[in-house]
Amino acid sequence: MTIMHIESLTESPWHDWLSCSEPQLLHYYEPEQGLFIAETPNVIERALNAGYTPCSLLIDQKLMTPQVETIIARCGEIPVYTADDSVINSIQGIHLTRGVFCAMRRTPKNFDSAILQHANRIAILENVMNPTNLGAIFRSAAALGMDAVLMTSGCTDPLYRRAARVSMGTVFQVPWCFLPDAPHAASAIRMMQSEGIQAAAMALCDDSISIADDRLKNASRLAIVLGTESEGLHKETISACDYTVCIPMSHGVDSLNVAAASAVAFWAVCNSV
């Protein structure tokens, strides 16, 4: 394989790719599937393990470690570019990176009921828009035993660079997909209930039960439903669920950040399963 050292990103397709917004990358080859950028060796390795196809690598030349060399060997005959960090940082907003990038082709992530076939603990995310929160939720889902993550179309994309990086690449390990387009998750919850899956809405309501309630731990199949950072869950979504659930708080605090709440909830409902 030829590794090409470049003095400017304009000598490679990376100038265009790193200048694109995430939605522009998503639609880069429309109507075919677009691109996403995997960043850091660990994230790239997990994307490769999940079967995603690499297109090109861009590497800060001082980060040519044995791990990176292994990644290069795994990627086959694709273009590999190295550059000084000052060259990589020449694109606005790139200076906060870890210096190893892989452009990869997307695969369809539309809803398929087969994702539920062997899933007993499921996370449903309704319009979670912050990529840092989404990445942290995926990391907790992977670490704490959730079997799948389903998202409304209002959620940010797990393959966006920041979300994948914050997740430490676990977006490539936990099965996930987007639900059919709807403003809320109520219809999807009713569909899952017909398959024997109970749903617990994380919400502050008068009838909320504790996340430690034995009914949740003992449910054979359960979905934890989490809402958007600002507004929480839609009323229709809460009404569709079997339970509304809260995390007991101290010192006058009424709620947690959605990513922190997800970790507590996932541990509570998976710990005895």
Side-chain angles (χ1 to χ4, degrees), residues 21-27 33-39 43 46-47 50 52 104 106-113 115-116 119 121-144 146-192 197 199-203 222-238 240-241 245 255-266:
S21 67
E22 297 282 11
Q24 286 172 330
L25 284 174
L26 172 63
H27 298 287
Q33 294 293 313
L35 294 170
F36 68 94
I37 305 297
E39 180 191 347
V43 172
R46 287 172 175 167
Y52 285 91
M104 306 186 106
R106 287 176 169 269
T107 57
K109 284 294 184 178
N110 297 324
F111 178 72
D112 182 347
S113 60
I115 197 172
L116 302 175
R121 290 293 183 265
I122 301 155
I124 300 177
L125 309 183
E126 185 179 83
N127 304 335
V128 175
M129 296 173 283
N130 185 293
T132 298
N133 284 337
L134 193 83
I137 291 170
F138 265 89
R139 189 172 181 181
S140 294
L144 300 173
M146 302 300 283
D147 300 313
V149 178
L150 308 183
M151 293 164 289
T152 62
S153 58
C155 287
T156 195
D157 193 309
L159 298 186
Y160 283 179
R161 185 161 57 94
R162 188 173 182 182
R165 185 178 72 234
V166 171
S167 83
M168 295 296 289
T170 55
V171 295
F172 305 111
Q173 295 177 295
V174 179
W176 61 269
C177 66
F178 284 101
L179 293 165
D181 194 15
H184 50 68
S187 60
I189 289 166
R190 287 189 284 268
M191 176 272 295
M192 283 186 273
I197 301 170
M202 300 297 295
L222 182 70
I224 295 293
V225 189
L226 296 144
T228 185
E229 295 86 350
S230 57
E231 302 298 330
L233 292 169
H234 279 259
K235 290 181 180 179
E236 288 188 45
T237 300
I238 296 172
C241 289
V245 180
S255 64
L256 295 175
N257 166 274
V258 65
S262 74
V264 175
F266 296 164

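The distance from atom OG of Ser113 to atom CE of Met192, rounded to the nearest 0.5 Å, is 11.5 Å. The CZ atom of Arg46 sits 6.0 Å away from the CE atom of Met168 when rounded to the nearest 0.5 Å. In this structure, the separation between OH on Tyr160 and SG on Cys155 is 11.5 Å, given to the nearest 0.5 Å. Rounded to the nearest 0.5 angstrom, Asn130 CG and Leu134 CG are separated by 8.5 Å. A distance of 5.0 Å separates CZ in Arg121 from CG in Leu222, rounded to the nearest 0.5 Å. Rounded to the nearest 0.5 Å, atoms CG (Leu226) and OG (Ser262) are 6.0 Å apart.
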Please assess Phe111 against Met191 for the test side chain to side chain contact (heavy atoms under 4.5 Å, CB included), listing each intermediate value before the final yes or no. CA-CA 12 Å; Phe111 178 72; Met191 176 272 295; 3.4 Å; yes

- Task: Output, in order, the C-alpha distance, side-chain angles, deciding distance and verdict of side chain to side chain contact (heavy atoms under 4.5 Å, CB included) for His234 and Asn127.
- Result: CA-CA 10 Å; His234 279 259; Asn127 304 335; 3.9 Å; yes

- Message: Assess the residue pair Leu150 and Ile115 against the criterion (side chain to side chain contact (heavy atoms under 4.5 Å, CB included)); give the C-alpha distance rounded to whole Å, side-chain angles, the decisive distance to 0.1 Å, and a yes or no.
- Response: CA-CA 9 Å; Leu150 308 183; Ile115 197 172; 3.9 Å; yes

Item to complete: Please assess His184 against Glu126 for the test side-chain hydrogen bond (donor to acceptor under 3.5 Å, both in side chains), listing each intermediate value before the final yes or no.
Response: CA-CA 6 Å; His184 50 68; Glu126 185 179 83; 5.0 Å; no

* After noting the C-alpha distance and the side-chain angles of Leu125 and Thr152, does the key distance pass the side chain to side chain contact (heavy atoms under 4.5 Å, CB included) rule? -> CA-CA 6 Å; Leu125 309 183; Thr152 62; over 6 Å; no

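Within the 4.5 Å cutoff, side-chain heavy atoms of Asn133 are placed close to those of Val258. Counting heavy atoms from C-beta on, the side chains of Leu179 and Met151 never come closer than 4.5 Å. With a 4.5 Å cut-off on side-chain heavy atoms, Val225 and Cys241 count as touching. Within the 4.5 Å cutoff, the side chain of Ile224 has no heavy atoms near those of the Ile124 side chain.
Between Ala119 and Ala148, the shortest heavy-atom contact is CB-CB, 4.4 Å. The two residues Ala38 and Val43 make their nearest non-hydrogen contact at CB-CG1, 4.0 Å. Heavy-atom minimum distance, Thr237 versus Ala186: OG1-N, 3.7 Å. Residues Gly154 and Met129 share a closest heavy-atom pair of O-CG, 3.4 Å. Nearest approach of Ile189 to Ala199, heavy atoms of both residues: CG2-CB, 3.6 Å.
Applying the salt bridge (charged side-chain N to carboxylate O under 4.0 Å, His left out) definition to pairs two or more places apart or across chains, those involving residues 147-158 are Arg106-Asp157.
Taking the six-membered ring where the residue is Trp, the centroids of Phe172 and Tyr52 are separated by under 6.0 Å.
Counting non-hydrogen atoms of neighbouring residues, nucleotides and ligands closer than 6.0 angstrom, the NZ atom of Lys109 exceeds 12 such neighbours.
At distances below 3.5 Å, at least one donor-acceptor pair connects side-chain atoms of Ser167 with backbone N or O atoms of Thr170.
Evaluation of the side chain to side chain contact (heavy atoms under 4.5 Å, CB included) rule for Ala141 yields Met146, Val149, Phe266 as partners, not counting sequence neighbours.
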